[in-house]
Amino acid sequence: MAEAALLLLSEAAAERDAREKLALWDGRPDTTAPLTDRQTDSVLELKAAAEDLPVPTELPIEDLCSLTTHSLPIAQTSVVPESTEDILLKGFASLDMKDERIETAQQFFSWFAKLQTQMDQDEESKYRQMRDYLSGFQEQCDAILNDVNSALQHLESLQKQYLFVSNKTGALHEACEQLLKEQSELVELAENIQQKLSYFNELETINTKLNSPTLSVNSEGFIPMLAKLDDCITYISSHPNFKDYPIYLLKFKQCLSKALQLMKTYTVNTLQNLTNQLLKRDPSSVPNADNAFTLFYVKFRVAAPKVRTLIEQIEQRSEKIPEYQQLLNDIHQCYLDQRELLLGPSITCTVTELTSQNNRDHCALIRSGCAFMVHVCQDEHQLYNEFFTKPTSKLDELLEKLCMSLYDVFRPLIIHVIHLETLSELCGILKNEVLEDHVQNNAEQLGAFAAGVKQMLEDVQERLVYRTHIYIQTDITGYKPAPGDLAYPDKLVMMEQIAQSLKDEQKKIPLEASFSDVRLEEAEPTNSLTKSGSAESLSPRPQTTISPADLHGMWYPTVRRTLVCLSKLYRCIDRAVFQGLSQEALSACIQSLLGASESISKNKTQIDGQLFLIKHLLILREQIAPFHTEFTIKEISLDLKKTRDAAFKILNPMTVPRFFRLNSNNALIEFLLEGTPEIREHYLDSKKDVDRHLKSACEQFIQQQSKLFVEQLEEFLTKVSALKAMASQGGPKYTLSQQPWAQPAKVSDLVASAYKTIKAKLPLTLRSMSLYLSNKDTEFILFKPVRNNIQQVFQKFHVLLKEEFSAEDIQIIACPSMEQLNLLLSVSK
């Protein structure tokens, strides 16, 4: 145990001493090489590595002690432990201290110091060995380092030699490249100088060719020479910094002027020679004027290839060089002057001849004249394209000037036309046949002609509007009806009898259907406007009976004139102007109908005047309705009884209030009478004048008929209402049956008289409605409010009887029941 303690003590002392030495090394203030943390760690690592080395021949004391300590367990297993003294003796023997004895403390400390010194020496031996071992490695590394340094010195010497040789080689290569570059630049410079000089050198060659007396614009070398001249001028013009630039540019311009003059002279002479040949031709040698006119194109077309190639060259260069554009303008002007010189007199002569042939037929004149000018314009454009490839506005200017010949002849004739049919037909010809059919299909060639036609159309429209104003004032507003015009209902009865006799005759010959064709009668024959649909026959009405009033010949004259007038205007003038004229015409027509209705009411009966007015307002309203789409004076009626109820459910009543375009009369009457004021006001904005008067006429008819049948009953109910009002305001109480005018007997007479009136006059009213309207739906719709008014009066009367009279009095009065009344009124359904 003592030895182990001694060993541990010695190890701790050694480690402490090592650390103290290291601390002393670093702690010296004048140290020149202080150890860093890394170096300190390295020393400790070296120490640890030294401890791992093989054990030397002579083991240190601690190793001996360790061996002794490790061998103790083995000894214990086989030998009896020795005494402490034996162990110490053996230890001292191992330390060569057998003969020494330690008796005093001083001896112990001396021994211990000696022992510690010995231990330090033994411990440092492994470090010394390691140091020697490392020193050997250091010497080897120093030798290797010396060899490496020597090699680096040799390499550095080689690198310097390589850089010297490389620099010399690069300098030689750059010198060679610079020489080659300079050589290339000199060659390129020489080529550029030669190329630039080539443009200047061409001056003499071009000038020589232009001054040659044998030069011709048709020769093969002229066009290439012209192209070379253009290239030279373009090049020199783009390099104003060249020496002698103004001089050479001026000389080249002079050459260009010579070349242009040659081309202009050739082209102008060719065109003028053609014109002179045609003008000098003997007119007697030409069979007719048409052939003479044809020669004006044939000769030019034959000569066109001679100059077209040259003109194409000029057109190609005109956008780049101003001189060519000026030459092209001069050639255009020369060509158009020659054409005007030829065509001007011929066109004037032809138009004069057409005028003399159609001096009384303006429509034929305008057709033939326009057709002639259309051919002239088309032929001129085609001939122009034979010579030129690019268009010019001067051609249209010439054609507009030539077209004015027709306008100058036609305009004086327009201001003397007074017939609307002729004016409207002229408008149709100019607008539809000429502008729409011809000009729109060939707007490019007929653009100039369209300008003259539009001017003629404006003049005709202006004349048409003026004559329409006069026509409205004289033939509609100022119309004085003849006795036959107001012979209602006699003429209707007579026509009905005729129709019935024809129907009886037709029964003998079975037919699939019976229709009544009604056509507008015009003073003049059918013209182009009629063909377009504005005056076509009215569509047949598929029903068994047709009112005589529906026949066009039975219409009141002002209605016929108004509709014919509007049909003539609709396709001829602008919509805004048409709306103003139509308003004026309709207002005049309505006033004439109101006057005729009043006269018929005075001469016959009031119902005749009212039905006459209603029927003609319906006719007027139906015939002007298509003006909002495409106007044709047609009367179309379809049987919509089965589909009307379903259609009404589908259609929105706020947008289409029970109104059908094809059967407009019935729906219109029903709508005007039943529609709400807001909807009526919205609808009447379009045709408010006609609809307003139609509504007023229907309301007057309903009011008059209601008054005719139940006026006495309404007066009786009014008296009773007044009596009740007095009693409610504090007046004396009353018993209605005791009133002199309300006794049951008198009330019975009153009711019987009303019922008798209804029974007697109702068939006459329905007969008149059938005679004028001849449409069950229309009659039902118009009479429905009358029937409702009668029923309401009798319902009020029944209520009054139950409130004011006893059962006996009611039996005395014997008022017809509502079932009886409805049965009597059912004949109107």
Side-chain angles (χ1 to χ4, degrees), residues 486-490 492-493 547 549 556 590-621 665-666 668-675 677 680 690-719 721 750-751 753-797 821-822 824-829:
L486 303 177
Y488 285 90
D490 300 337
L492 296 179
V493 174
S547 171
Y556 192 66
I590 292 172
Q591 293 302 319
S592 68
L593 290 175
L594 293 174
S597 175
E598 184 178 357
S599 299
I600 294 173
S601 299
K602 292 179 181 180
N603 297 333
K604 294 297 181 179
T605 62
Q606 188 175 7
I607 189 174
D608 289 320
Q610 291 174 345
L611 291 175
F612 166 84
L613 180 60
I614 292 173
K615 180 59 179 179
H616 281 86
L617 287 176
L618 287 173
I619 293 172
L620 195 63
R621 176 61 176 77
N665 287 350
N666 301 336
L668 177 63
I669 296 175
E670 187 174 7
F671 165 67
L672 292 174
L673 297 178
E674 298 181 1
R680 277 203 305 270
V690 178
D691 294 347
R692 177 168 55 84
H693 286 89
L694 179 59
K695 177 178 179 294
S696 176
C698 293
E699 290 177 346
Q700 290 178 7
F701 174 81
I702 295 168
Q703 182 180 2
Q704 189 270 337
Q705 292 300 311
S706 300
K707 183 178 180 181
L708 174 65
F709 294 118
V710 293
E711 181 179 10
Q712 295 177 354
L713 295 180
E714 287 182 339
E715 292 177 354
F716 180 81
L717 292 174
T718 302
K719 288 181 181 182
S721 299
L750 181 64
V751 171
S753 176
Y755 189 79
K756 183 179 180 180
T757 302
I758 295 174
K759 189 174 182 181
K761 294 184 178 181
L762 178 59
L764 298 178
T765 299
L766 297 179
R767 165 61 180 165
S768 297
M769 293 178 63
S770 177
L771 183 63
Y772 281 92
L773 303 178
S774 189
N775 187 293
K776 295 298 181 182
D777 291 336
T778 305
E779 298 166 21
F780 172 78
I781 294 170
L782 185 59
F783 189 73
K784 181 180 177 182
V786 178
R787 186 180 68 250
N788 293 339
N789 292 340
I790 297 173
Q791 291 173 344
Q792 291 175 6
V793 171
F794 272 89
Q795 287 177 354
K796 293 180 181 179
F797 201 80
L821 180 64
N822 292 335
L824 179 63
L825 296 176
S826 63
V827 296
S828 64
K829 294 184 179 179

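- H616 contributes atom NE2, which lies 10.5 Å from atom CG of L618 (distance to the nearest 0.5 angstrom).
- Separating the NZ atom in K756 from the NZ atom in K761 is a distance of 11.0 Å, to the nearest 0.5 Å.
- No side-chain heavy atom of Q705 sits under 4.5 Å from any side-chain heavy atom of N789.
- With a 4.5 Å cut-off on side-chain heavy atoms, I590 and L620 count as touching.
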Residues M769, F783; criterion side-chain contact (heavy atoms from CB on, under 4.5 Å); working and verdict: CA-CA 9 Å; M769 293 178 63; F783 189 73; 4.0 Å; yes
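- Pairing each heavy atom of T765 with each of F701, the nearest pair is CG2-CZ, 4.3 Å.
- In this structure, a donor-acceptor pair under 3.5 Å is absent between the side chains of Y488 and N603.
- Distance check, rounded to the nearest 0.5 Å: OG of S826 to CZ of R787 gives 9.0 Å.
- Rounding to the nearest 0.5 Å places CG of L773 at 6.0 Å from CG of L611.
- Between F612 and Y556, the two ring planes are perpendicular [angle over 60°; tilted spans 30° to 60°].
- In this structure, the side chain of S597 engages the main chain of G609 through a donor-acceptor pair within 3.5 Å.
- The shortest heavy-atom contact between S706 and V786 is OG-CA, 3.9 Å.
- Looking at heavy atoms from C-beta onward, V710 lies out of side-chain contact with F797 at the 4.5 angstrom threshold.
- Using a 4.5 Å cut-off on side-chain heavy atoms (C-beta onward), C698 and I614 make contact.
- Taking the charged nitrogens against the carboxylate oxygens, E715 and K719 have no contact shorter than 4.0 Å, which rules out a salt bridge.
- Closest heavy-atom contact between Y772 and D608: OH-OD1, 3.2 Å.
- Taken to the nearest 0.5 Å, the CD1 atom of I607 stands 13.5 Å off from the CD atom of Q700.
- Remark: L694 CG to L593 CG distance equals 11.0 Å, nearest 0.5 Å.
- Between the side chain of T757 and the backbone N or O of S753, at least one donor-acceptor pair lies under 3.5 Å.
- Remark: the Q610 side chain and the S601 side chain contain no N/O donor-acceptor pair separated by less than 3.5 Å.
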E714 and F709: CA distance, side-chain angles, deciding distance, side-chain contact (heavy atoms from CB on, under 4.5 Å) verdict: CA-CA 10 Å; E714 287 182 339; F709 294 118; over 6 Å; no
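- Pairing each heavy atom of L821 with each of Q791, the nearest pair is CD2-CA, 4.1 Å.
- A donor-acceptor pair under 3.5 Å is absent between the side-chain atoms of S770 and the main chain of L766, judged by distance alone.
- Considering every non-hydrogen atom in both I702 and L782, the closest pair reads CG1-O, 3.9 Å.
- In this structure, the side chains of K776 and E779 come closer than 4.5 Å at one or more pairs of heavy atoms.
- Contact check for L825 versus I758: side-chain heavy atoms found under the 4.5 Å cut-off.
- Within the 4.5 Å cutoff, the side chain of N822 has no heavy atoms near those of the F794 side chain.
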